[in-house]
Amino acid sequence: MKLRKLFPKLLLVLVAFCVLLFLLSPIIAVVGGSFNDGGYFAFPPKSVSLRQYRAALTNKEHLESLAASLKVATYSTVVASLLCVPACVALAKTSNPIVNKVKTLFMAPIFLPGIVWAVGLLQCMGFLRIQGSLAILICVHTVIVTPYMIRIVGASMDNFNYTLEDAAASLGAPPLTTFFRITLPNIMSGIVVGMVFSFMISFSDVVITLFVSSSSFTTFPVRVYAAMRTEGLDPMVLAYSAIIIVVVLSISILGEKFAHWSKHFSTML
Amino acid sequence: MKKLLCLLLALIVLTSLTACGEKPAPVPSSDPAPGKTTEDEANVDKPFEGETLVVGVWGGTIEKVLRESVVEPMEEELGCSIELVLGGSSDRVVKLYTEKDNPSMDVYGLNIRESADAIINGVAAPVNPELSNFDQLYDFAQVGGYGQSIMAYGICYNNELVTEPITSWKDLWRPELKGKIAFSNFPGSEGAAIIYVTAEAWGLDLENDPDAVFAKLAELGPFPFFYTNLDELFLEIEQGNVHAAAIFNSYSNDYIAQGFPCTFVYPSDPGAILAKDTWVIAKNSKHMALAEEFVNRCIGVEAQTAYAEEIFFSPCNKNVKVSDEVAEKLVYGDDVSSLVTMEWDVITENEEEFTEKWNRMVVMAK
Amino acid sequence: MLELKNISKSYKQHRVLDDVNLTVNDGEMVALLGPSGSGKTTILRLIAGFLENDSGAILVDGVDIASIPSYKRNIGVVFQDYALFPHMTVEQNVAFGLKMHKVGSAEIKERLDAALRLVGLEDYKSRYPSQLSGGQQQRVAIARVVAIRAKVMLLDEPLSNLDAKLRRQVRVELRELQQKLDITTLIVTHDQEEAMTMGDRIAILNDGYIQQIGDGMQLYKKPVNRFVAGFLGTPSINFLPLTVAPGIARLSKIDIGLSELESGLGITLEPNEYELGVRPEDFSIVPDSPIKSKVKLVERLGAETLVYFEIDNRVCCCRANMGNIPTQDDEISLSIDYTSTPVFDSKSGICLNNR
Amino acid sequence: MFRAKYNKMDAMLIPLALLFFIFFVIPFIMLLYNSFLTYTGKVEPGLPITVQNYIKFFKDSYYPAVIGRTFYISIVTTLMVTVLAYPLAYFMAGIKGYLKTIMLVLVTLPLISGVMVQNMGMYGMMTNYGTINLFLMALHIIEEPVQLLGNNIAVIIGLTQGFLPFMILPVMNALQAIPENVLQASESLGANKVRQFLHITLPMSFGGCIAGAVLVFGASLSSYTTPTILGRGKCQVIGTVVYQQAMQLFNWPFASSIAMLLLLLILLIVPITKILSRRRREGGVL
């Protein structure tokens, strides 16, 4: 391979690697910084210790907000899947154009600015004299994750062969049985990936939750955001984020192993 | 098809019910009838048994002292449970205004300006003079909410880099300090204080000619940054990016204690500005009696002394006695009278206009 | 016994089926033949219950099933792409129908094995559809229908996804199986060879209505109209314009004897414009005849040789017997065996000498 | 034709549509309504309907400057994201197997782990005592820490890092959609690698770029946390102004009017990209 021929390939790999490094630099900094022993952020860490992790796991305040985040994410993912899967079935099979207009509405939360929606939400709650409770937060998060769910589940339904449903009917299976025994198992991988994805999007939301969650029910990212504004870059917070990153990474790798996770990404955006 | 539909609806109703039915601990369940428990003769010694009071307060050292001096003893004696919600005062103010008819918190720890505004705007209950410890407070601590601790807004500077000691607010305008000064952002009480000080120090009329004040302030610029957290500020002072910062005495005491090369000074003309952490009770709080009991204990001698001795927060209670060595760190005794009381309403009234001027002239100062 | 009575169906003002009547007797296998888009698959989906017909009745053993939902009709359907459940093994696929009919597990095992033995796939039970060949998948689809003992079986172009060689082999197997099980069957196809070999009777469908029903040879020999004649037979029939005037008959500018023509056709023709349908095998090359032409192309296909020539710049084709095979550009003269040539009214296309 | 009978299924959309209407549509209506009220103190916006808020926005020279800055940041961010994302997407489209899945997982990791982690990491690296300054000082390129945070550049770098995945994935899909034989055909017709790229690959992946650009531009226009954290109060964009008006000054009408203007800007992007890509669509690429 003459060097002249090899050169463009090498250049591409080098540039691609640098961009990837730039993309992952904050994550590397956060994980690196979490092992720092000192009181302030330092990456590469001056002295390595697990002090931050011990402090993190014993801090009641953060643990509580972590629990809150997990609770909201779980509930909203469940409600989202209960609402989105049937919606996807209907969207896949509908023939009238109005329903497709509804689909663009479901996609709106990705495009429309979160801050605008948040201000509107807050005023509605003020107007209706209701305070930011868990139920409202769950509904709001369900709306946040719907676009991702609809996109991923919808895509896995597109490559589902509908004659299977006709075949099942001809063999005597009523519509409900057909759905649960034939359609659902075949689109299950899309649903699982959609749910995992929605869980993480809901878990990491800041802007909307900052506005809507009531004072006594702060989720973890909001707590981190508030802490960053007042107490600065506290390494203990980095420890939490490092744990989250590791968890997210392992879920992604597992997801890749079992459900060809990356196949769904191309449809996600 | 019908079966599929109702199955789905049932599932949704079920999940949302479990979501709000199973109340997680932190979300306060609004107590059905506060009055009922007090008449209950059975446990007269624990009048507030079963009631939950939610208090919004700053975290860190303040929370620690409050728990030891007020929260634990109260839960012991009255049988109620007190839940502390930590965070900055600006986050609490948002909740106070947006949840005014159905507040999720009962007692709010705010700064001098926010508490005064809250009462004027009718979202917080006016001060109740019948509290037993009320009359022990300094007079300025009895107005615009219940004063908890006094703070003096002065200047803290890096004594290694600033050779010639700073004595008055005007010293900030020394040429060698230009571009090396940091203060907190406006709208916010510290930001408001520095605007007021600039007007007073240079004899400018804030009400009729605010532009001159902001122009004067802009002369100090460009400002390295507007600090929101203290760790960072003192790191920047230590490294010499910032030579002097307008800040509260209580905050800088902590960092000076940690060995930062700084000196805090109560500057002259017009002198250090009086500020205070203040308690207000939400107007529509459902635990008014319990809230007033909590505030009464906070402004009592015992709690105020704990604040002074443990975290050097100057007491608002006149009867608090502390050793001279502690007193030296506090705004105590006759120092209190030397503090300048700021009239906030000038700033409160045209807060919006001043915000625009601040953003355009100060933030963008060259 | 499956009967379709006056079935019509239109979709968004486009009339897809127009007054279709068809009867499939018990144990009989009828082939529904027509070009793509003729509406044959719609008929199949109507019978199976995947579509509702606008009017008419679908009777199975005298009972109208139009109002019964598809999963209660017990009509077996074998789809073009087999539609096997990818997440189930062969065994689970075949047992699925039985489970749906709430059959006892012992009986399920027994009928399952019988069906798989019938299609010769007993030892493929635990395989998944993706692990089977096209032919095997096709047989599992049939086993699935056989297992539920459907009264009527519908085959939707079952062979079109197989390669040529496999297609001929499966065609024979399918036919044997149908006769052994004696199920009333309707097979939908666009391949006339398939229809001719498999169907006891063939129904030709075009533009949504049935052109003609009958056994293979009857349709081939006595087409009811121009479309049926043109559709059956490869290479297809040659159409030559025929003008008849009092006493004379001109076949696209070539005079042929009127009396000889009429005696062959068996009917008398009023002076009019007609079209004569001449099958390649009805042309024969003779030393001399009024019909002269030049050979354009000779196609040697091994068993037979086809000769292409032009009459009045219309390309026609005839079969040359082994003896005299002309070469390209030869001048040849042809004779027509009028006894087996249909004649059509040029406007309506209806066959006039349909004996 | 085959699914005609399924429109009974449309009823299954109702629960989700209902939830959306209550929690998504009504807030926007409320916003529109509030943007026409007058500011009567912190508690409740007053009744007299006025267009005052919108006028004020354009009258006062400060706010158009905010819009200008927001647009400047968004445009530069979108350009930088496109320039940086394309090589990585091109590389990822070219590889197969295990390496590709690892790369995909890594590329989506920032997206999933949330915006806070990115901002914190970026903040940590750019502070005066942070990684970048330490690194530069270690190499003696600079003697004392450089002020990186608190200006537009810091925000642009932060947004670029945050929105890279939004561009990488669509471009990668577009590149993968180019059939292999099209490239070989161009090669057989005499195009060398460079011309092949310019005349075939680039135009055909243009659709992906536009899709990504729309996402990135819209998202950076309405960004809030990154400008607040990396801008350290000195970088006022539309998002921070809306927050300041709503959550600090409680001027709901004015905050709502700015929010509506931002919404209008976002909704304008879609038709603009349609016009931009009209030429593309004749080529059936988008």
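Below, chain A is the first sequence line, B the second, and so on; all start at residue 1.
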Are S222(D) and V116(A) side-chain neighbours, meaning at least one heavy-atom pair lies under 4.5 Å? no
I'd like to check V119(A) versus W252(D) (side-chain heavy atoms, cut-off strictly below 4.5 Å). Are they in contact? yes
Rounded at 0.5 Å granularity, tell me how far CG in L21(A) sits from CG in L106(D). 11.0 Å
What distance do M120(D) atom CE and Y240(A) atom OH have between them, rounded to the nearest 0.5 Å? 12.5 Å
Quick check for you: to the nearest 0.5 Å, what is the distance between I112(D) atom CD1 and S204(A) atom OG? 9.0 Å
Side chains of L88(D) and F22(A): does their closest heavy-atom pair fall under 4.5 Å? no
Is there a side-chain contact between V25(D) and L105(A), using heavy atoms and a 4.5 Å cut-off? yes
Which of G114(D), G121(D), P27(D) touches chain A most, by non-hydrogen pairs under 4.5 Å: P27(D)
Pair count under 4.5 Å, heavy atoms only, with chain A: among V115(D), V107(D), L267(D), L134(D), highest is V107(D)
Contact part of I150(A) toward chain D, heavy-atom cut-off under 4.5 Å: side chain, backbone, both or neither? side chain
Toward chain A, the part of I157(D) with a non-hydrogen atom under 4.5 Å: both
Who among A246(D), S113(D), P110(D), G218(D) has the most heavy-atom pairs with chain A under 4.5 Å? P110(D)
Which of F20(D), Y224(D), F91(D), F23(D) touches chain A most, by non-hydrogen pairs under 4.5 Å: F20(D)
Tell me, out of L24(A), I244(A), V15(A), who's got the most heavy-atom pairs with chain D below 4.5 Å. L24(A)
With a 4.5 angstrom heavy-atom cut-off, which part of M247(D) approaches chain A: side chain, backbone, both or neither? side chain
Side chains of V117(D) and I245(A) in contact at under 4.5 Å (non-hydrogen atoms): yes
Under 4.5 Å to a heavy atom of chain D? For A242(A) that would be neither
With side chains defined as the heavy atoms from C-beta onward, is the minimum distance between L82(A) and P15(D) less than 4.5 Å? no
